[in-house]
Amino acid sequence: MGGDKSNPNVVEVIDIACDECPVDGVFVTPACRGCISHRCVDVCPKNAISIENKHAVVDKSKCIECGKCTQACPYNAIILQKRPCVLSCKANAIKVNSDKKAVIDNNKCVGCGACVYQCPFGAISDKSYILDVLDILKKSENNTKYKVYAIIAPSIVAQFDYARIEQVISGMKELGFFDVLETALGADLTLNDEADELKEHGTLTTSCCPSFVKFVQTNFPDLAKYISSTPSPMVMAGKLVKALDPTGKVIFVGPCTSKKFEYKMDIAKDYVDCVMSFEELQAFLDARNIDVSSLPDSALDNASYYGRIFARSGGIQEGVIALAKERGFEVNPVAMSGLAECRKQLAMLKAGKSPYNFFEGMACDGGCVNGALCLHHGPKSLNDVNKYGAMAKEKTVDNSVKLYNLAKGEPQE
């Protein structure tokens, strides 16, 4: 039903479901041998460990969970136990309150959804806008009042392994969408503009992942000046559709909570009317009893190779290298996969010690192909995206740029 309307965050804790995880903290296992060296006691900076009956005991009132004892124990008998949500959150936005419930700090949360994926009880959830999608489709009156377009993230090719992507598109049209377009077209446009920005400014961080952008703004505000001003592929694809059909409605279908977070922002509000996840798309198809594997193929738009491989870490980097060579400027890029790697590389940039001038940031490890709301995760998904990119007839972004300019009514050379 869309979650807690009073909570602006797209990710939220369902309190009643958050009750089965063990308490966090340092825990002494039965593997403790009561060794005579007592290294755990020696390294503890707060004197929180004592030996009782030849067994290490942790005083939780003194323990600061620094983890030094876990490293010192020769038997690995002491562990620092963290809940899956806390462990997964590289933005350090999740804590456990006195009621032993997970609490999200909205000021630190970047909306990446890692906690949504990692919680084994579904106690942390992304807001669902599926009812809004249904409302948009219903009010279109079978696309007679206005046309409803779905723009699909390129990582979709790794999700429906029981059918061809062309059949999935046919299934989406059965759901009521007038047409289905590739967000990779928007990725071509984003890549084109970011390459120009990099050439002009010399140092740039990408804008494709809104969770990465917020991570920079929240944790490295001094580096915000390097964030590309180019809208994300989702927004650029939405702009393309709206230029072609100003009255049309645009639904983004993708792998992450991050895009649900972005579509509420001012930069997207005029171009994207709602967001639906791959999980929700599958549920929608199931609810309508649509077996996409039995459907005929529908043609795909022809985005470029580079636009399609935006779905995986290193895809943007690969594209900007090609455009830099074509446009005659130097680029030394780095692909940052996951927020932990982003933090490391951004810290080097802040300290003035980074050898790189182009920073591709993805909040999810491996990129969008491992988004929190994907149906599948893993190496096979990466291979599927690479194959999808190789299928593209267009090897440059030029045709997508020309299409966008024509849609806006700009004269062509």
Novice: Counting only heavy atoms not in K173, do more than 12 sit closer than 6.0 Å to its NZ atom?
Specialist: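 Enclosed.
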Novice: Please find the pair of heavy atoms, one from S277 and one from L373, that lie closest to each other, and give the distance.
Specialist: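 Closest pair (atom of S277, atom of L373, distance): CB-CD1, 3.5 Å.
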Novice: Under the side-chain hydrogen bond (donor to acceptor under 3.5 Å, both in side chains) test, which residues partner D19, sequence neighbours left out?
Specialist: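 Applying side-chain hydrogen bond (donor to acceptor under 3.5 Å, both in side chains) to D19 gives none.
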Novice: Can you tell if the side chain of D286 reaches within under 4.5 Å of the side chain of R288, non-hydrogen atoms only?
Specialist: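 Side-chain contact under 4.5 Å: no.
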Novice: Any side-chain heavy atom of Y305 within less than 4.5 Å of one from E318?
Specialist: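 Sidechains of E318 and Y305: in contact.
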Novice: With ring pair (Phe, Tyr, Trp, His ring centres under 6.0 Å) as the rule and sequence neighbours excluded, what pairs involving residues 34-80 come up?
Specialist: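 Counting only pairs at least two positions apart or across chains, no ring pair (Phe, Tyr, Trp, His ring centres under 6.0 Å) contact touches residues 34-80.
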Novice: Passes side chain to side chain contact (heavy atoms under 4.5 Å, CB included), I251 versus I136? Steps please.
Specialist: CA-CA 9 Å; I251 311 295; I136 290 170; 3.7 Å; yes
Novice: Just to verify, what does T218 make a side-chain contact (heavy atoms from CB on, under 4.5 Å) with, not counting sequence neighbours?
Specialist: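 Result, side-chain contact (heavy atoms from CB on, under 4.5 Å) vs T218: K214.
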Novice: V272 vs M234, test: side chain to side chain contact (heavy atoms under 4.5 Å, CB included). Steps then yes/no.
Specialist: CA-CA 8 Å; V272 180; M234 178 184 80; 4.0 Å; yes
Novice: Let me see the working for S229 and E197 under side chain to side chain donor-acceptor pair (under 3.5 Å), right down to the final yes or no.
Specialist: CA-CA 8 Å; S229 62; E197 277 192 274; 3.0 Å; yes
Novice: Of all residues at least two apart in sequence or in a different chain, which pass the ring pair (Phe, Tyr, Trp, His ring centres under 6.0 Å) check with Y129?
Specialist: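 Per chain and number, Y129 pairs via ring pair (Phe, Tyr, Trp, His ring centres under 6.0 Å) with Y263.
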Novice: Take a 6.0 Å sphere around CZ of R343 and say whether it holds more than 12 heavy atoms from other residues, nucleotides or ligands.
Specialist: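 Correct, the count exceeds 12.
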Novice: Please check if any side-chain donor atom of N7 sits under 3.5 Å from a side-chain acceptor atom of N106, or the reverse.
Specialist: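 Checked: N7/N106 side chains pair up, N/O donor to acceptor below 3.5 Å.
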Novice: Name the residue from L204, V216, T206 that meets the side-chain contact (heavy atoms from CB on, under 4.5 Å) definition with I227.
Specialist: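 Checked L204, V216, T206 against I227; only one passes side-chain contact (heavy atoms from CB on, under 4.5 Å): V216.
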Novice: Mind checking whether S125 and V116 have side chains closer than 4.5 Å, heavy atoms only?
Specialist: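 Of all side-chain heavy-atom pairs linking V116 with S125, none is under 4.5 Å.
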Novice: Taking atom types as modelled, is there a side-chain donor on T144 or N142 under 3.5 Å from an acceptor on the other?
Specialist: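 No pair is found: no donor N or O on one side chain lies under 3.5 Å from an acceptor on the other.
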Novice: Going by side-chain contact (heavy atoms from CB on, under 4.5 Å), name the residues that satisfy it together with S337, two or more places apart in sequence or in a different chain.
Specialist: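 Scan of S337 (side-chain contact (heavy atoms from CB on, under 4.5 Å), adjacent residues dropped) gives S313, D365.
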Novice: Please name all residues satisfying side-chain hydrogen bond (donor to acceptor under 3.5 Å, both in side chains) with E174, sequence neighbours left out, ordered by chain then number.
Specialist: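 Partners of E174 by the side-chain hydrogen bond (donor to acceptor under 3.5 Å, both in side chains) criterion come out as none, since no residue qualifies.
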Novice: Would K95 and D105 count as a salt bridge (charged side-chain N to carboxylate O under 4.0 Å, His left out) here? Give the steps.
Specialist: CA-CA 8 Å; K95 303 295 181 185; D105 184 341; over 6 Å; no
Novice: Scan residues 204-258 for pairs that pass ring pair (Phe, Tyr, Trp, His ring centres under 6.0 Å), counting only residues two or more places apart or in two chains.
Specialist: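 Listed once each, the pairs would be none.
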Novice: Considering only residues two or more places apart or on different chains, which pairs with a residue in residues 149-189 satisfy ring pair (Phe, Tyr, Trp, His ring centres under 6.0 Å)?
Specialist: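 Those involving residues 149-189 are Y149-F178.
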Novice: Please enumerate all residues that pass side-chain hydrogen bond (donor to acceptor under 3.5 Å, both in side chains) together with Q159, with sequence neighbours excluded.
Specialist: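 Applying side-chain hydrogen bond (donor to acceptor under 3.5 Å, both in side chains) to Q159 gives none.
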Novice: Within a radius of less than 6.0 Å around CD of E166, do more than 12 heavy atoms belonging to other residues, nucleotides or ligands occur?
Specialist: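 For E166, atom CD is crowded (more than 12 foreign heavy atoms under 6.0 Å).
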Novice: Is any side-chain heavy atom of V96 closer than 4.5 Å to a side-chain heavy atom of R83?
Specialist: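 Contact flag for V96/R83 side chains = yes.
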Novice: Enumerate the residue pairs fulfilling salt bridge (charged side-chain N to carboxylate O under 4.0 Å, His left out) with a member in residues 250-276, sequence neighbours excluded, ordered by first and then second residue.
Specialist: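 Listed once each, the pairs are D126-K260, K242-D273, K259-E262, K260-E280, D266-K269.
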Novice: Run the numbers on E182 and I151 for side chain to side chain contact (heavy atoms under 4.5 Å, CB included), then give the verdict.
Specialist: CA-CA 5 Å; E182 293 185 84; I151 52 175; over 6 Å; no
Novice: List for me each residue that meets side-chain hydrogen bond (donor to acceptor under 3.5 Å, both in side chains) alongside D196, sequence neighbours excluded, and say none if there are none.
Specialist: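 For D196 the side-chain hydrogen bond (donor to acceptor under 3.5 Å, both in side chains) partners, ignoring immediate neighbours, are R327.
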Novice: Taking only residues two or more places apart in sequence or in another chain, which ones pass ring pair (Phe, Tyr, Trp, His ring centres under 6.0 Å) with Y117?
Specialist: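 If we apply the ring pair (Phe, Tyr, Trp, His ring centres under 6.0 Å) test to Y117, skipping adjacent residues, the hits are H377.
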Novice: Is a donor from one side chain sitting under 3.5 angstrom from an acceptor on the other, for S400 and D188?
Specialist: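 There is such a pair between these side chains.
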